[in-house]
Structure formats: C-alpha cells, structure tokens
There are 2 protein chains.
Amino acid sequence: MAGEAGASTGRRCPTRRTGRGQATCDRLRRVAACLFVARGYDGVSLDEIVQAAGGSKTNIYAFYGGKEGLFVAAIEAALGEVLRPLTEADTRGLALEEGLTRLGQALIDALLSPKALALHRTLIGETGRFPRLGAAWYAAGPATSQAAFAGFLARALAAGEDAGRAPGDPSEIAVLARLFHDMVAGDLQQRALFETEPAGVAERAAAVAAAVRAVEALVARRG
Amino acid sequence: MAGEAGASTGRRCPTRRTGRGQATCDRLRRVAACLFVARGYDGVSLDEIVQAAGGSKTNIYAFYGGKEGLFVAAIEAALGEVLRPLTEADTRGLALEEGLTRLGQALIDALLSPKALALHRTLIGETGRFPRLGAAWYAAGPATSQAAFAGFLARALAAGEDAGRAPGDPSEIAVLARLFHDMVAGDLQQRALFETEPAGVAERAAAVAAAVRAVEALVARRG
DNA sequence: TATGAACGATACTGGTCGGTATCATTTCAT
DNA sequence: ATGAAATGATACCGACCAGTATCGTTCATA
C-alpha cells in the first residue's frame, strides 16, 4: 500500500531532499535488500537495518513510509539483477545446439546462485502480503528467460540448416521455449531450494544437455 | 531440534497419556497444520492455535516441546497427503499417451491445489530454520512424482508397441521421468505460486498434452 | 471410591518490534 | 551569513508473543 509516499503522521516526506538524505535513502535500500533477501521480512527489524546502514528509523518513515514500503523498494531494486547474465548473453549466429546450451547454462547458473535462491525463498513467502512483488518476480524471472529462449529459437529455426521447413509458428516457439526453460530449471531449482546443497557443475551441464537434446528431438519431429 | 520429547523445564512429558490428552494432542496438530500452512511459522501464535483447538499452551510444551516441535509435527503430517492422488493413480495396462496424460493431470491438479500451494510457500520460507522439512518435502513431492512416472514409463516402454527395441536403460528412464515432471509442473506451478490466480482447466490440459507429446518425440527418437 | 497423575484455564515475565515524539545537529537556498 | 527545512540520535509507547508458573478440575487406575 505504501510506496515512497509520506507517512500518515509524524515526519512528512521531505520536499527538498538533501544530498546526504539521498545517500542515506540509497544506503538504507541497499542494506535492507541484503538483509531482507537473506532472512525474510519478519526476520529483519528496522533497528537492525538502521544500525547496519546508518541514519535512523525516522528516515525509513520519511523516505519509504514504513517497513513495508522499504521492503517493496528494496526487493524491486534487487529483482532486475538476477537474470542480467541471461538477458545479456549474445547468441547471434549460433547454431541451435550451441546457443541453447549457452542460454541454458546461463539460466541455471543464475537460478542456483545464492542470491537468486535467497530472493526466491524470501519472495515466495511474502507473495500473500505483497502480491505485486510476486507478479514482478515472475515477470523478471521465468517470463524474461522464456522470452530470451523464444527469441533465440525463432532466429535459429529460421536460419538453421533445415530452413526449408516451416519457419515456426510463434505460439509453437513459445511452447518450445517454455518446455526448455522448465526442463533446464525445474528439478535442479527445486532441489536447491529445498535441500541444502545446490547441484554441482557436472549435474548442471548434464541437465542442460538433456534439455537441449529434447528440444532437438522436438524440432526434428515438428510438422 | 525438539520432536515429541518433553520440554526442557516446566511440565514434563506425561508418561501415561489420557484419552482426552491424546485427542487434544491430535486436535492441536491438525489445527496447527491448517494455520501454519495458511500463514507461515511467524504468522501464527501459540495463543491462536490454542484458542482454535482447545486445550492450553501447556499441552503444546508437554506434547511437542514447544512451537518448533509442533510446527515440525504438523507439517510432517500434512506432507504425505498432498500427492496422495498421484501415488494412488492406477495406470496398469495403459498405453504411453493415455497413462502419461492421466499421471500428468493428477500431478498438476495436486500441485495447484490451494493446500499444496500454501504448503509449498510456507515450507520454502522455513527451509533455513527447518532443513529437515525441506528435504522431506522434496522427497514427498518431486522425488515421489518422478518415481511414479519412471515406474509407469518402464512398464509402458517394455510392453509397448515398439517392444522390439531396447527395453530402456533405467537411468535413461529416470531422465525422461524428470523431464516430464518438469515440463508438466514447471511453469504452471511458478505462476500459481507467484501470481494470484492458478491456471484453469484448459491451460492445465494443454500443458500436460505438450509434455506428453515431447516425451513421445523423445521416445521415438531414442537409440 | 480414593488418590495421584494428567489436563485446562489463566496470569505473568522478559523480551522484541513497529511506529511516534522529541530535540540537537546539519544542510542548503536566499 | 542566516534561518527554515531536513536529518540524526535516542527515548518512549503500546502491542504482541514464546515460554513458565500456578492452581483448580478431570480422568484413570488400583
């Protein structure tokens, strides 16, 4: 409910923010993001954030309207960074197998990173209290990855060796992208989230390879 | 740390539990399961559980050793029930497509049920505090489903129309089962967990159908 | 039925936390 | 420079909560 708007009572949102104020505001958000991601909403107290970031609780109410506003701002800022390596991967000119393998590796490495796992855990627990954040996570996560896969698939299938075939219905490509995403991420992510140790390099590579082989089989069989 | 053992201090664990006591013990666990699953560990107070279930806080310490013990007992009891319809599904004698479709439907319906979603959300948030529960969830969830798929695949491939082929390496079948599981559950489960409305019947059926088609393509191509 | 253990209700304790109030200090526009 | 606004530090309030203590009531067994 509370964004960056002013608090209901007490200190008003400043109309003329100081340079120092802006720095404190940013510092609070960064520190809060670390702590919230690591230990969840209820696991972190405002006093702890203030102690680690400097400033005072007064700032939190002036800048973010309260604990909930700070949480939303901190998480939203952290969301975009998780899949950065995937969206920035350059796959132009790569053949189907090579490009999918590279994208799949980037995805699984991003998803199994400690930060992504912690963010996932924190967000899923707070989707009830902050529905907007849940939707934002899906958009910045699975939806973004699938779009990246679909973009590459469309190019690779249009320009591939079997270019004589149908160029690939967009919806068919979207399904393919979704299946690939799920085959790469599904099980390894679940295990990383619920068990203690995430999968090692070999297991990740094997999962990606299996998913790539499956997509190739689907492509070869498509009519 | 605390199972059903006695509390560290205060009232000791009774050596001769009364009939009424047993009933209260069960009622506490059932009510606690509902509340914990719905609102998480921190979201429920002992007073609330006691008020809803009858009995008194004293029982919680006598029977379960404290809040953590009650949480573990309640969640563990709830774990086994989620995938009941999947493990009880009878697929003997069914062909590949029909059996996979039935199993896939059972899986997705179980995973998207409100109870399973709430349990998933609660557990994932508490995996840090209760690692044992996270592992138990994976074992009772994905691992169980995959085993069910693998069992059916082994039978179907051995007895199928193309029985003349290799009977199917067990590890190959396990990979196939994992891929099928992930293709059925992955995206729809993510969306249900993070967005507000779970997918409808049509979308579920489409996801299952796509996964079944993919498995058929893989089976046809295997060598 | 008598008796000791198990159980239920309730109040209390020590601690934590979100949010507010207060006041001293710093910043910046004039 | 100067004063009004912004910021920092701190104390405080009310609410909540896990866990304990106490005592009256109920049950099971002998």
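Computed from a prediction, not measured in an experiment: that's the story for all the values here.
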Indicate every side-chain donor-acceptor pair of residues 79-92 of chain A with a distance under 3.5 Å to a residue at least two apart or in another chain.
| unit_1 | atom_1 | unit_2 | atom_2 | d |
| --- | --- | --- | --- | --- |
| A/E81 | OE1 | A/K115 | NZ | 3.3 |
| A/T87 | OG1 | A/R84 | O | 3.1 |
| A/D90 | OD1 | A/R92 | N | 3.3 |

What integer distance in Å separates [X]:[atom1] from [N]:[atom2]?
{"X": "B/Y61", "N": "C/dT13", "atom1": "OH", "atom2": "C1'", "value": "13 Å"}
{"X": "A/F63", "N": "D/dG8", "atom1": "CZ", "atom2": "P", "value": "6 Å"}
{"X": "A/L28", "N": "D/dT7", "atom1": "CG", "atom2": "C1'", "value": "12 Å"}
{"X": "A/I60", "N": "D/dA6", "atom1": "CD1", "atom2": "P", "value": "19 Å"}
{"X": "B/N59", "N": "D/dA18", "atom1": "CG", "atom2": "P", "value": "16 Å"}

By ring-ring contact (aromatic ring centres under 6.0 Å, His included) - contacts of [X] (at least two apart):
{"X": "B/Y138", "value": "none"}
{"X": "B/F149", "value": "B/F180"}
{"X": "A/F194", "value": "B/H120, B/W137"}

Mind listing the side-chain donor-acceptor pairs of residues 49-59 of chain A below 3.5 Å, one per line with the distance, residues two or more places apart or on another chain?
| unit_1 | atom_1 | unit_2 | atom_2 | d |
| --- | --- | --- | --- | --- |
| A/S56 | OG | A/T58 | N | 3.4 |
| A/S56 | OG | A/T58 | OG1 | 3.3 |
| A/K57 | NZ | A/D47 | OD1 | 3.4 |
| A/N59 | OD1 | A/S56 | N | 2.8 |

| message | With salt bridge (charged side-chain N to carboxylate O under 4.0 Å, His left out) as the rule and sequence neighbours excluded, what pairs involving residues 118-127 of chain A come up? | response |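 Output for this query lists A/E126-A/R129.
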| Residues touching DNA chain D, which here means a heavy atom under 4.0 Å, drawn from residues 42-52 of chain B |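 Close to the strand are B/V44, B/S45, B/L46.
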Heteroatom pairs (N/O) under 3.5 angstrom, protein to nucleotides 28-30 of chain C:
| unit_1 | atom_1 | unit_2 | atom_2 | d |
| --- | --- | --- | --- | --- |
| C/dC28 | OP1 | A/G19 | N | 3.2 |

Under-3.5 Å N/O pairs linking protein and nucleotides 11-13 of chain D:
none

Going by atom type alone, with no hydrogens or angles, which donor-acceptor pairs under 3.5 Å involve a side-chain atom of residues 101-112 of chain A and a protein atom two or more places apart or on another chain?
| unit_1 | atom_1 | unit_2 | atom_2 | d |
| --- | --- | --- | --- | --- |
| A/T101 | OG1 | A/E97 | O | 2.7 |
| A/R102 | NH2 | A/E98 | OE2 | 2.9 |
| A/D109 | OD1 | A/R204 | NH1 | 2.9 |

| Pair B/F63-B/R29, side-chain contact (heavy atoms from CB on, under 4.5 Å): steps then yes or no | CA-CA 10 Å; B/F63 295 148; B/R29 199 188 56 233; over 6 Å; no
| Is the side chain of B/Y64 donor-acceptor paired with the backbone N or O of B/C25 at a distance under 3.5 Å, no angle test? |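 Looks like yes, one N/O pair under 3.5 Å.
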| query | Who passes side-chain hydrogen bond (donor to acceptor under 3.5 Å, both in side chains) against B/R178, sequence neighbours left out? | reply |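 Checked B/R178 against side-chain hydrogen bond (donor to acceptor under 3.5 Å, both in side chains); zero matches.
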| message | Going by side-chain hydrogen bond (donor to acceptor under 3.5 Å, both in side chains), name the residues that satisfy it together with A/S145, two or more places apart in sequence or in a different chain. | response |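 For A/S145 there are no side-chain hydrogen bond (donor to acceptor under 3.5 Å, both in side chains) partners, ignoring immediate neighbours.
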| C/dG8 phosphate, OP1 or OP2, under 4.0 Å from B/T24 side-chain N/O |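 Answer yes for this pair, as a side-chain N or O of B/T24 is under 4.0 Å from OP1 or OP2.
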| query | The side chain of A/K67 lies closest to which of these nucleotides: D/dG19, C/dG8, C/dG18? | reply |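 That would be C/dG18.
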